[in-house]
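Heads up: the structure comes next, in structure tokens.
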Amino acid sequence: MIEGQTLQVPDLVASLYSEWTVERHPDEEQLRHELEDDFVVRWCPDPEKRRKMRKGDFAQVAGYFWAGSSLERIRPLAEFMYWYFIWDDEIDCGDLQSDKIGKSLQTGHSREALARYAASMYNFVNAVCNVQQQWMTNFPPWEEYMETRMQTVGIYPCLMTMEYAYGLNTPNWVYNHPSIHAMFQETAFSCIIVNDIVSLQKELIAIPTNNTGHRATQIVDQIDSVIPLKMFHGGHRDAQTALNEVLGELKESRVRLDEAERSFLSSAEYCGVEWRQQRDDIAVLIQGCKNAILGNLKWSSVLSEIGLDGCGRLTVD
């Protein structure tokens with residue numbers, strides 16, 4: 001279906017997020033050495049898997065997500081990034097016995113923030129396990145696919161750690177506000193689309209069909225990419241057409257994100273906030289969504305080498 005096609009990937013940073021900036025954590029290099037020389041070795045004894053982990057450079061994406069946090073606070077958050085990819089690769093859906101972030105959150109942090117993080121983490125773990133237990137023989141509807149991926153992309157636990165990372169004190173009503181919910185959802189949506197684009201090659205395998213010698217592209221275990229999904233439901237033979245539709249969805253998501261931010265900042269609840277520190281804390285949470293979107297895009301661009309922050313090409317072998 002997709003084999004042999006070359007997709008033109010536009011400059012997503014310039015076309016969608018040109019006015020945004022995201023910083024790198026000043027201690028990223030130290031963090032990388034600490035985690036790859038200790039944490040990764042302890043949790044990933046296989047040398048080949050450790051090589052892949054180092055290539056993934058999850059210290060970089062952690063540095064984007066929590067660029068302004070202290071080294072002490074970003075350390076367990078970066079460990080989550082490495083742990084997530086180790087765990088996701090192994091798909092060991094047993095008990096989550098060691099959650100260092102949760103333990104760190106218990107120190108000098110509110111019970112409400114800890115409860116939010118715990119709920120998001122367990123929802124994430126359960127969602128990934130449930131997806132791995134499914135054997136999908138048909139292409140799911142777009143809405144069903146996105147609803148499932150919203151829970152398995154892992155962005156909600158990251159957003160729920162913003163208070164810990166920056167020492168914030170954000171009231172519950174902020175997290176319960178519909179516009180903040182919408183911003184979280186669009187943050188996850190963006191990460192799903194970008195991750196699916198850069199991982200398309202990995203999610204597909206080429207296998208012989210019958211005795212013809214021809215090869216067909218088949219999804220591994222489950223449909224886990226938006227491009228073949230769009231091709232199937234849209235009846236497209238051209239993967240570029242499907243990619244263009246997906247990028248259109250990403251553009252609409254950016255519009256919805258901006259609308260949600262404007263709606264929140266003009267809401268009666270926010271306008272009634274008189275304490276400057278509380279407004280500053282809320283601003284950090286909102287900026288955290290943008291850092292996650294742009295940071296994931298920049299990290300994915302380097303990781304994939306197809307230039308998502310500059311026009312690039314993706315060829316499916």
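All values below come from the heavy atoms of this structure, side chains included, with hydrogens, waters and symmetry mates left out.
Here OG of Ser253 is found 6.5 Å from CD1 of Ile293. Values are rounded to the nearest 0.5 Å. The line from CG of Leu250 to CD of Glu245 is 14.0 Å long, rounded to the nearest 0.5 Å. Distance CD/Glu269 to CG/Asn176: 10.5 Å, rounded to 0.5 Å. Remark: Asn291 CG to Leu294 CG distance equals 7.5 Å, nearest 0.5 Å. A distance of 11.0 Å separates CD of Gln278 from CG of Leu168, quoted to the nearest 0.5 Å. The structure places CG of Leu285 at 4.5 Å from CZ of Phe184, a figure rounded to the nearest 0.5 Å.
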**OP:** Would you sort out whether Leu265 and Ile286 count as a side chain to side chain contact (heavy atoms under 4.5 Å, CB included), showing the intermediate values?
**Re:** CA-CA 10 Å; Leu265 295 179; Ile286 292 174; 4.2 Å; yes
**OP:** Output, in order, the C-alpha distance, side-chain angles, deciding distance and verdict of side chain to side chain contact (heavy atoms under 4.5 Å, CB included) for His233 and Tyr145.
**Re:** CA-CA 12 Å; His233 289 301; Tyr145 174 80; over 6 Å; no
Subject >> Chi angles and distances behind the side chain to side chain contact (heavy atoms under 4.5 Å, CB included) call for Lys290, Glu261 >> reply: CA-CA 11 Å; Lys290 299 176 183 180; Glu261 181 180 4; 3.1 Å; yes
Original post:
Can Leu247 and Ile197 be said to form a side chain to side chain contact (heavy atoms under 4.5 Å, CB included), step by step?
Top reply: CA-CA 10 Å; Leu247 295 176; Ile197 291 173; 3.9 Å; yes
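The ring pair (Phe, Tyr, Trp, His ring centres under 6.0 Å) test applied to Trp142 returns no partner, not counting sequence neighbours. By the side chain to side chain donor-acceptor pair (under 3.5 Å) test, Arg262 is found to be paired with no residue, residues two or more places apart in sequence or in another chain being considered. Residues satisfying the side chain to side chain donor-acceptor pair (under 3.5 Å) criterion with Ser15, sequence neighbours excluded, are absent altogether. Take His25 and apply the ring pair (Phe, Tyr, Trp, His ring centres under 6.0 Å) test, not counting sequence neighbours, and it matches no residue. Every residue meeting the ring pair (Phe, Tyr, Trp, His ring centres under 6.0 Å) condition with Tyr270, not counting sequence neighbours, appears here in chain and number order: Phe264. Under the ring pair (Phe, Tyr, Trp, His ring centres under 6.0 Å) criterion, Tyr166 pairs with no residue, sequence neighbours left out.
Formation of a donor-acceptor pair under 3.5 Å by the Arg279 side chain with backbone atoms of Glu274 is not found in this model. Side-chain N or O atoms of Arg50 include none that pairs as donor or acceptor with a backbone N or O of Val41 at under 3.5 Å. Side-chain atoms of Ser190 do not come within 3.5 Å of backbone N or O of Thr187 as any donor-acceptor pair. Gln60 places no side-chain N or O within donor-acceptor distance of the main-chain N or O of Glu28, the cut-off being under 3.5 Å. Ser225 places no side-chain N or O within 3.5 Å of a backbone atom of Pro228 that could act as its donor or acceptor partner. Asp38 places no side-chain N or O within 3.5 Å of a backbone atom of Glu34 that could act as its donor or acceptor partner. With hydrogens and angles disregarded, a donor-acceptor distance shorter than 3.5 Å links the side chain of Trp299 to the backbone of Asp57. Asp281 contributes a side-chain N or O that, together with a main-chain N or O of Asn169, makes up a donor-acceptor pair within less than 3.5 Å. For the pair Thr148 (side chain) and Glu144 (backbone), a donor-acceptor distance under 3.5 Å is present. Without hydrogens or angle criteria, Glu163 side chain to Thr170 main chain gives a donor-acceptor distance under 3.5 Å.
Counting heavy atoms from C-beta on, the side chains of Ile227 and Asp196 never come closer than 4.5 Å. Between Arg32 and Arg54, every side-chain heavy-atom pair lies at or beyond the 4.5 Å cut-off. Between Ile155 and Phe65 the shortest side-chain heavy-atom distance falls below 4.5 Å. At a threshold of 4.5 Å between non-hydrogen side-chain atoms, the residues Lys298 and Tyr64 count as touching. For the pair Leu77/Tyr164, a side-chain contact is recorded, criterion being any heavy-atom separation below 4.5 Å from C-beta on. Side-chain contact between Lys52 and Glu48: present, with at least one pair of heavy atoms (C-beta onward) separated by less than 4.5 Å. You'll find the side chain of Met160 stays beyond 4.5 Å of the side chain of Phe124, heavy atoms only. Counting only heavy atoms from C-beta outward, the side chains of Thr161 and Tyr117 approach each other to under 4.5 Å.
Between Leu257 and Met183, the shortest heavy-atom distance links the atoms CD1-O, 3.7 Å. Residues Ile74 and Ala62 share a closest heavy-atom pair of CD1-O, 3.7 Å. Closest of all the heavy-atom pairs between Ala165 and Ser69 is O-CB, 3.1 Å. Of all the heavy atoms in Ala67 and Pro26, the pair that sits closest is O-CD, 3.9 Å. Of all heavy-atom pairs between Gln287 and Thr21, the closest is NE2-O, 3.9 Å. Shown here for Ala292 and Cys191, the closest heavy-atom pair between the two residues is O-SG, 4.0 Å.
No more than 12 heavy atoms of other residues, nucleotides or ligands shown are found within 6.0 angstrom of CD on Glu23. In the displayed structure, Glu147 atom CD is contacted under 6.0 Å by at most 12 heavy atoms of other residues, nucleotides or ligands. Counting heavy-atom neighbours within 6.0 Å of Gln277 CD, excluding the residue itself, gives a total above 12.
Side-chain atoms of Glu36 and Tyr82 form a donor-acceptor pair, as typed in the model, at a separation below 3.5 Å. The closest side-chain donor-acceptor pair between Gln185 and His181, if any, does not fall under 3.5 angstrom.
Residues Arg256 and Glu259 are not paired through a salt bridge, judged by the lack of any N-O separation under 4.0 Å between the basic side chain and the carboxylate.
One hydrophobic cluster, built from ILVMFWY side chains closer than 4.5 Å, cannot hold both Val255 and Trp20; they sit in different ones.
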